[in-house]
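What you see is a predicted model, and the numbers here were worked out from it, not measured in a lab.
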Amino acid sequence: PISPDPDRSVARVLDEAVMEILRAKAEGRVVSELWLNPAVYAEVARAKEREVARGNPLTLLDLEVVDSEMLEAGTVRVV
């Protein structure tokens, strides 16, 4: 489910993540992690609960998802 809070909307975060990934690729960087703030991380983890239960890592957009308290609501970082 998408959060009604625009700062925590998974759709908004995905849009931002895609832009960050494209920017990184344009700069010649290779990225492997998607850092999310705890609120959005929790939503993604809830949505992918079955995958994780099967022993798979939590991934989104082919990147490992990392819970980062350093990020403000609605922001992402690709590393």
Can you get from [X] to [Y] by hopping between Ile, Leu, Val, Met, Phe, Trp and Tyr side chains that sit under 4.5 Å apart?
X	Y	value
V79	M70	yes
Y41	V18	yes
V78	L22	yes
L36	V52	yes
V65	V31	yes

For L14, the side-chain contact (heavy atoms from CB on, under 4.5 Å) test, sequence neighbours excluded, returns V10, L60, L61

Partner set under side-chain contact (heavy atoms from CB on, under 4.5 Å) for V66, not counting sequence neighbours: E33, W35

R23 vs E27 side-chain heavy atoms within contact, under 4.5 Å: yes

Contact check, side chains of L34 and V76, non-hydrogen atoms, under 4.5 Å: yes

When rounded to the nearest 0.5 Å, the distance separating CD1 of I21 from CZ of R29 is 10.5 Å

Heavy-atom pair with the smallest gap, counting every atom of P38 and S68: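 Reported closest heavy-atom pair: CD-O, 3.4 Å.
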
What side-chain hydrogen bond (donor to acceptor under 3.5 Å, both in side chains) pairs are there with at least one residue in residues 48-60, not counting sequence neighbours? K48-E51

